[in-house]
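Notes follow the structure.
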Amino acid sequence: MPQTRLLILLPFLLGTVRSQVNPGVCRYPLGMTGGKIQDEDISASSQWSESTAARYGRLDFDDGDGAWCPDVVSEPRGLKEFLQVDLRTLHFVTLAGTQGRHADGAGNEFAQRYRIKYSRDGSRWVSWRDRRGSQIIEGNENPYDVVLKDLEPPIIARFVRFVPVTDHSMTVCMRVELYGCEWLDGLVSYSAPVGQEMIVRGWHIHLNDTTYDGAMGFSMTEGLGQLTDGSWGLDDFTQSSVYGVWPGYDYVGWSNTTFPSNAVEMTFEFDRVRNFTSMKVHCNNMYTSGVRIFRQAHCYFRSGADWEEKSVSFKPRADIMSPSARFVYVALGHRMARAIKCRFEFSDTWMMISEIAFQSDAAVYNTSLAPRNHGHPTSLHPGGNPTHKTDDSNTRILIGCLVAIIAILLAIIIIILWRQVWQKMLEKASRQMLDEELTAHLSVHTEAISNRLSSSDVESTSTYERVFPLDYQEPSGLRKSPEFQATENLVAAAEASSEQTLPDLPDAVPHYAEADVVKDQEAPGALGYRITAVGVPLAPGRDGALEEFPREKLTFREKLGEGQFGEVHLCEVRGMQDFMNEVEGDQTNEPILVAVKTLREDASKNTRNDFVKEIRIMSRLRDPNIVRLLAVCLESDPLCMITEYMENGDLNQFLSRHELPTSAGDQLHANTISCHTLIHMATQIASGMKYLSSLNFVHRDLATRNCLVGASTTIKIADFGMSRNLYRGDYYRIQGRAVLPIRWMSWESVLLGKFTTASDVWAFGVTLWEMLTLCKEQPFSTLSDEEVIENTGEFFRDQNKQVYLQKPAFCPDAVYSLMRTCWMRNAKERPTFQRIHGTLVDCQAQLLSD
Ligand code: AMP
């Protein structure tokens, strides 16, 4: 629905006007692992040898001799050794990751402790300290595990140095990664009078800027600190801060008794001349203790050497009704400047500020999340606090902005409507062509097909979005055999034709497997690194090759559904057993039912490649709980994959149609399903996953929507590459990254893009939870997508603030305990699929005996 999309877009558009960096979300790998940081931007004080040079200090990489190692033995230089990363622009760095040198068992060097130094200009270096003043960060305990450390406070810098702390009893080697996001505010320093001390009922409350990294005298100069750390103070400044340090920690505060001018002057220096829209100042307003938001602010601007005469003034409305801390928005009237000087006038004895952020031309963070505290923004937007109005010129600017937003929204509506009409035309045309082709080519067999079940058609008019494909690790046991050359050739031909005939459409979403190379820690014996499925040859089936199937033998019966690639049809086929050279099973020439997944003809080259990729993957898998690929039609369009037919459709829809029996003695009706059956189904999924994990294969999108149900509640895992439009609400597009099923993903998959069998185990836990709730609600349905991501941050921080999926009403204790183990923070503590399978078999037996 366009209206729904509009509602989704509206906060985003408003967010671009008023958002600021959010440390909870700003945690993207900055490019040591992904390769975005170039070799020439990684340097070091020294290197042990050419093969342990700085460029080998990339986390999770094993190139060279496996890590950066400084030359400390020949000339011990103590804390002088460092590995330096140049991020090219200022970044807000929230997390540091380190690893030692493993080199497939040949290395055993790591840094047990290290320090971080940073610089914004490359000349003035600052030693990072945590909120209690310690510079030492506890590092690695072995050469292979990645250790991540939250940088509290975060760093705003372009250059970051990792300085191993060593007593020379051992050689240190490091591999590192930084996490964060670009610092778009452009603020490089602020200067202000030093914060003071307040005495409340005999308590000394220190209102200084504890994390300020510039020079400190009577004034603070040339640094950044608490006012730009992305965290805001509490309403009651006498309470301990969120970091568990002393009261008043988050605020910088001044008393008017020491300022004869009755104002505090602050100067803000930026990286370049910018066009400023507004400034957000987070102020305390505990008027009962003599603290209030400023009475008036006058701001002056400087682009060159001198301050301009014309200032901007803003007078927030005095508020003695609510003691809540809040953001006060000061409109800066699109003034161009490289520096801004603001005089904040006292309106009471004390003035306290915990955060200042600027919005200028380029400063747009796509992360407008809910605040962690309870501050109320003082907004100039309609819907904000209407009492805080600014002068006429600001109102005009505001109206201008709103008109511009409305114009953009109208344009978006027109584009959406146009795309939908266009999409429908294309779909209709391709459906018509497909129907015509099938009718023309296929001989119609109308013999009785007894067990055909009707399945619901899923109308989807939404546009197609790519989601990440499966992660595939080369199964060591499967090798290409000569009889598979035929299928190989078919796939190669299909790929070649995609290259020749289809336009190379730019993809909106980057391809996950193309972007990352992640080491699967659970697979020591295997190749270790996952590879993109395109390069994976088709595997030999037990019964021979997947040859081109003569499509005229397929008789269209009905549409089963529609997925990312196109429509899925139920077809009747005669002679499939002969074709597949099956030795067991039904050898009569009776027609059988198959599901035919077709690639829509207007598919982009990438979608076409993904389709072929799914074929490649499926052709290698043979397990009773994995949907089997029977044959393919790749020689001409539309490309088809023929799979076994699962008459009860996908597990999500299947369970949604069912209810649990209301009481123990309740008779099972057609639409009731027992707990025992649910566990039986889950056992089958565990069994399929056990098989996948034995091949060192990471599914990455396990969920009920991606499992199919056959006769007698048989379950098979499907969707080896794409997900469906029907479930697009289950996916979330992280800024500039792939569309992700975040509600099923482990914390390390969301925050670090790391997918392993252990993250499949996490998703299995969520799938189990879906099953026990009969898919009546989405996981974490009360949380927004952004809150789900915040929650994964809590899993990482592990301070008991993370929220778990609740135990479903009729879920046996043992099954919920199993789910909880799937969501262990430490991936190594999660059970294997082997164990999960065993536990579920036991649960089934237990339920039968009860
Ligand atoms: P997909 O393209 O795999 O996402 O499938 C789209 C829809 O087709 C799903 O809603 C399924 O219900 C249905 N479907 C896919 N494969 C099969 C199959 N092998 N048997 C029965 N239904 C299927």
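Every number for a ligand or one of its atoms is a count from 1 in the order of the listing. Quick caveat, the model's predicted, so the values are computed rather than measured.
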Within the 6.0 Å centroid threshold, strictly below: Phe654 and His658:
yes

Under a 4.0 angstrom heavy-atom cut-off, which atoms of ligand 1 come close to Thr643?
19 (N)

In terms of side-chain geometry, is the basic nitrogen of Asp623 or Lys716 positioned less than 4.0 Å from the acidic oxygen of its partner?
no

What are the atoms of ligand 1, with element, lying closer than 4.0 Å to any heavy atom of Gly563?
2 (O), 4 (O), 6 (C)

Considering only heavy atoms, which of Leu593, Val568, Val594 lies nearest to atom 15 (C) of ligand 1?
Val568

Can you tell whether the side chains of Arg557 and Glu572 come within less than 4.0 Å, N to carboxylate O?
yes

Got a salt bridge between Lys605 and Asp610, using NZ or NE/NH1/NH2 to carboxylate O under 4.0 Å?
no

Within less than 4.0 angstrom of ligand 1, does Glu647 place any heavy atom?
no

Any donor-acceptor N or O pair under 3.5 Å, side chains Thr832, Gln834:
no

Short N or O distance, Tyr645 and ligand 1, threshold 3.5 Å exclusive:
no

Given Gly561, Gly710, Ala718, which one has a non-hydrogen atom that is nearest to atom 7 (C) of ligand 1?
Gly561

Identify whether the distance between the nearest side-chain nitrogen and carboxylate oxygen of Lys597 and Glu644 falls below 4.0 Å.
no

Please work out, at 4.0 Å between heavy atoms, whether the side chain, the backbone, both, or neither of Asp719 comes within that distance of ligand 1.
side chain

May I ask you to check whether Thr683 and Gln844 show a side-chain donor-acceptor distance below 3.5 Å?
yes

Show the nearest heavy-atom pair for residues Arg622 and Tyr691, with the distance to one decimal.
N-OH, 2.9 Å

Test item, Phe565 contacting ligand 1 (heavy atom, 4.0 angstrom)
no

Under 3.5 Å, N or O to N or O, is Ala595 touching ligand 1 that way?
no

Those atoms of ligand 1 less than 4.0 Å from some heavy atom in Leu708:
16 (N), 17 (C), 18 (C), 19 (N)

Heavy atoms only, cut-off 4.0 Å: how does Asp650 contact ligand 1, side chain, backbone, both, or neither?
both

For Glu770 and Trp744, which I'm curious about, is there any donor-acceptor pair between the side chains at under 3.5 Å?
yes

Regarding ligand 1, does Gln653 bring an N or O atom to under 3.5 Å of one of the ligand's N or O atoms?
no

Could you tell me which atoms of ligand 1, counted from 1 in the order shown, lie closer than 4.0 angstrom to a heavy atom of Leu560?
21 (C), 22 (N)

